[in-house]
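Here is the structure we will look at.
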Amino acid sequence: MRSREIVLKLVGVCTTAKLLTQLHSLIIRTGLNQDIQLAAKLTELYFELLPVQTARKVFDEIPHPSAYTYNRILQRFFGIKRYGEVLSLFSSMLSFEKPDHFTLLFALKSCSALKALNFGKTIHGFGIKHGNIHSNMFLGSTLIQFYSKCGDMDDALRVFEEYTKPDLVLWTTLVTGYEQSFKPDEALAVFTGMMMTRGVSPDPVTLATVVSACTQLLNLKAGESVHGLVIRMNNKSPLPVSNALLNLYAKTGSIEYGVNLFRMMEEKDVISWSCIISCCAHNGATDRAISLVDEMIHKGVEPNLVCVISALQACEASCNLDKGRKIHELAFQKGLELDILVSTALIDMYMSCCSPKEAIMVFDRMLNKDDISWFSLLCGCVQNGMLYKSMQIFCDMTSSDIQPDATVMVKILGACSELGIIQLTSCLHGYVIRGGFTSNSFVGASLIECYAKCGSLEEAVKVFEGLTDDKDIVVWSSMFAGYGIHGQAKESIKLFHRMVRDSSVRPNKVTFLSILAACSHAGLVEEGIELFNMMLNEYQLMPESKHYAIIVDLLGRTGELDKAMCFINQMHSRAGAHVWGALLGACGIHQNTEIGEVAARKLLQLDPDHAGYYILLSNVYAVDGKWDGAAELRGSIKEKQLKTITGQSVVRL
DNA sequence: GTAGGGTTAG
C-alpha cells in the first residue's frame, strides 16, 4: 500500500522521458501496473513526455480502463488533433465501458473536424438511445456545430428545435452555423427571432458572429446597427467584436468608419492591425495603409501570417517596392516566407511593383505551388508585358498537373492576342475545346477577341456563330469590338441590330463602348452619335468618360473641334484624361493650337508627369509651325526625366 | 474533465 502511494507521488513529480521509462519498468516489476488509477496517471504522463504512439501502447496495456480514464485519454488525443484516434478509442470503449456525455462530446467534435457526417450521426443515435441528451446543453451545441460543419443545416436546425428552452449558447451556435455555411440571411433571421420573439439578449460572442453575417452580405447598415447595439450594451466592445466590425468596414469600403474605430480601440491585437491595413490597402487609401504598416512595425507588433499578407497587399497597392522588400525580409525572419499564401502575396507584390524577376525568384523557392500561385505568376508576367514568358508558364503549369480554369484561359488568351500569333491562338482554341470551356462566355469572348486581334476576323466570326444560341452580352460585345478592330463598323452595327431584334440580351455600357469604338475607327460620325443617344435615352445608361472620349474623338477626326468642345462642356460628369486626350489628338491633326492648349492644360492638371501629354501638345505646336513651343516641351520631358513608351503593334500570320 | 466568436490569394 505504501509503495503504491510512493510510486503515485513519483509519477506526480516526474518531468523527463528517461525518468518516466525507468518508473514504468519499476511499476511493471512491482506488479503495480494492474492498478487502474496509477496506469491512467502514467498514460497521461506518457502523452506529455513521449510520442503519442508510445502513450497509446501504454494505454492499451491497462487491463480495464474506466470511462473516466478513457475520457482523459480521449481528451488528450483531441487536444493534439488526432481525431481518428479519438474515434478509434470511442469505438473500442463501446465493448468495455458506456460512453458518457463527455465521451460523446469529444467524439462528436472529432467528427466535426473530420467532417465525418455518418460516424457523427451514429454517435448522435447512440446518445439518443443511451442517455438523455436533451438535458445537456453542452451536447446540444456540439451537435448543432457538428451538423453545421458537415454542411447539414437542416439537421442542425432539427437538433436546435428539440430543445424547448435553448440558452444563449445554443442560439449563438445556430446563428454561427448559418453564418459559416454562407447563409448570412438565415443567420440574421435566427438572430432577429432570438432577440425579438424570444427576448434573449445577445452577448459579445453572438454579436461577433452577427457582424460577420453582415459582412458576408456587405450590409453596412445592418452592421452599423449591431455596432450601435454593442455601444449601448457595453460602451466598449470586446476585441473580437471590434475586429469583426473592422473587417465589416474593410469589406464595405468604409475607410473612415474603420480608421475611427481602430483609433478608438483601447486594446488592439495583430488581427486588428491586419484588418485596418487591408481596409486601407483595398480601398484606395494606399498611403495610409503604408503608414499603418510602419506604425505597426514601429510599435513592435509581432506580425503573423495574415498580417504579413495584408502588409504586402498595402505595398502592392501603393507600388512601394522598397517597403515590399522590407516586409519580405520580415517574413523571411519570421519563417513565414514559404507559406503558400505569403509567397503568393509576395509574387503579386513584386509583379505589381514591376519587379517580375524577384517574383519569379519567390515562385521558384516555393515548396508547394497551387493554382492560385501559378495564376499570380502568369498574371504578373502578362501585366509586365512578358508575353512569351507567360506562354511558357502556361505550358509549365499544365505539365505540372495544374488544371487551368476559365480565369487562366481568359488571361492567356489576352496575352496571346497581344502577341498576335494566330497559330498560338489555334492551339489555345484546341485547349479551350478539350478543357470544356466552350460554354463559358468569358472564355468565348476572349477567343473571339484573340482571333480578331491576330488578324482573323473570319475565325472570330466562326467562334461567335459556333457558340450556343443563348450568347450573353459579353460574347456579343466582343464580336462588335472584333468588327471594329477590322474597320467594319457597319457590320458591327448590323450585328447590334440583330442582337436587339433576335435576342433578349440587353446592351450594357461595355457594349456601347465596343460599337462606338468601331464607329470611331471607321469615322462613322452620325452613326456614332446616334448610338450614343440611343445609349442615353433608350437604354438609360449613363455614359462614362470613355464613351465621351470616343464621341470627342469622332467629332475631332472630322475637324468639328468646336462641337467637340461644346460636347465636353455639356458632360454630366467631369471630363477625364481620355476625353481631353482625344481632343488634344484631334487638335494635332487639324492644327488648332488654341483648343489644343486648353486640352493639354487640363491633361497636365490631371497628371503632370505623363510624357505622352507633353508629346501630344508638342505635336500640335509642330504642325502649327511653333517650333519654339515644341522644343520647350520636349525639353521639359528630358528635364523631368519622364519615360516615353514607343507604340508597337504586331500581327504574325 | 465538458458548449458558441474576430484577420488570409485571381
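None of these values were measured; they are calculated from a predicted model. Values reported hereafter were calculated over all heavy atoms of this structure, with side chains retained and with hydrogens, waters and symmetry mates removed.
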In whole angstroms, how far is the [atom2] atom of [N] from the [atom1] atom of [X]?
| X | N | atom1 | atom2 | value |
| --- | --- | --- | --- | --- |
| A:Phe146 | B:dT2 | CZ | P | 22 Å |
| A:Met265 | B:dT7 | CE | P | 13 Å |
| A:Asn71 | B:dT2 | CG | P | 12 Å |
| A:Ile347 | B:dT8 | CD1 | P | 20 Å |
| A:Asn304 | B:dT7 | CG | P | 12 Å |
| A:Asp203 | B:dA3 | CG | P | 15 Å |
| A:Arg76 | B:dT2 | CZ | P | 13 Å |

Main-chain N/O of [Y] paired to [X] side chain as donor or acceptor, under 3.5 Å:
| X | Y | result |
| --- | --- | --- |
| A:Tyr163 | A:Asn136 | yes |
| A:Ser352 | A:Met349 | no |
| A:Asp269 | A:Leu239 | no |

Is there a donor on the side chain of [X] or the base of [N] sitting less than 3.5 Å from an acceptor on the other?
| X | N | answer |
| --- | --- | --- |
| A:Thr173 | B:dG4 | no |
| A:Asp405 | B:dG10 | yes |
| A:Ser141 | B:dA3 | yes |

What nucleic acid atoms does [X] come within less than 4.0 Å of, heavy atoms only: base, sugar-phosphate, or nothing?
| X | answer |
| --- | --- |
| A:Lys268 | nothing |
| A:Ser212 | sugar-phosphate |
| A:Lys109 | sugar-phosphate |
| A:Gln383 | nothing |
| A:Thr344 | nothing |
| A:Asp348 | nothing |

Practice problem: Using heavy atoms and a sub-4.0 Å distance, could you list which residues of residues 152-166 of chain A are near DNA chain B? By number, please. | Solution: none
Self-check item: Closest listed nucleotide, where the reference is the side chain of A:Phe102 and the choices are B:dG5, B:dA9, B:dG1
Solution: B:dG1
Self-check item: Quiz item: cation-pi between A:Lys369 and A:Phe363, 6.0 Å / 45°
Solution: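 Judged by the rule, A:Lys369 and A:Phe363 form a cation-pi pair.
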Quiz item: Would A:Lys268 count as a cation-pi partner of A:Phe262, with NZ or CZ less than 6.0 Å from the six-membered ring centre and within 45° of the ring normal?
Solution: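 Geometry flag: set, cation within 6.0 Å and 45°.
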Exercise. Identify whether a stacking contact exists between A:Phe138 and B:dA3, where the ring centres must be under 5.5 Å apart and the planes under 30° apart.
Key: yes
Quiz prompt | Whether over 12 other heavy atoms sit under 6.0 Å from A:Phe442 CZ | solution = no
Self-check item: A:Ser318 versus A:Thr286, side-chain donor and acceptor atoms under 3.5 Å
Solution: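 A:Thr286 vs A:Ser318: no donor-acceptor pair found between side chains.
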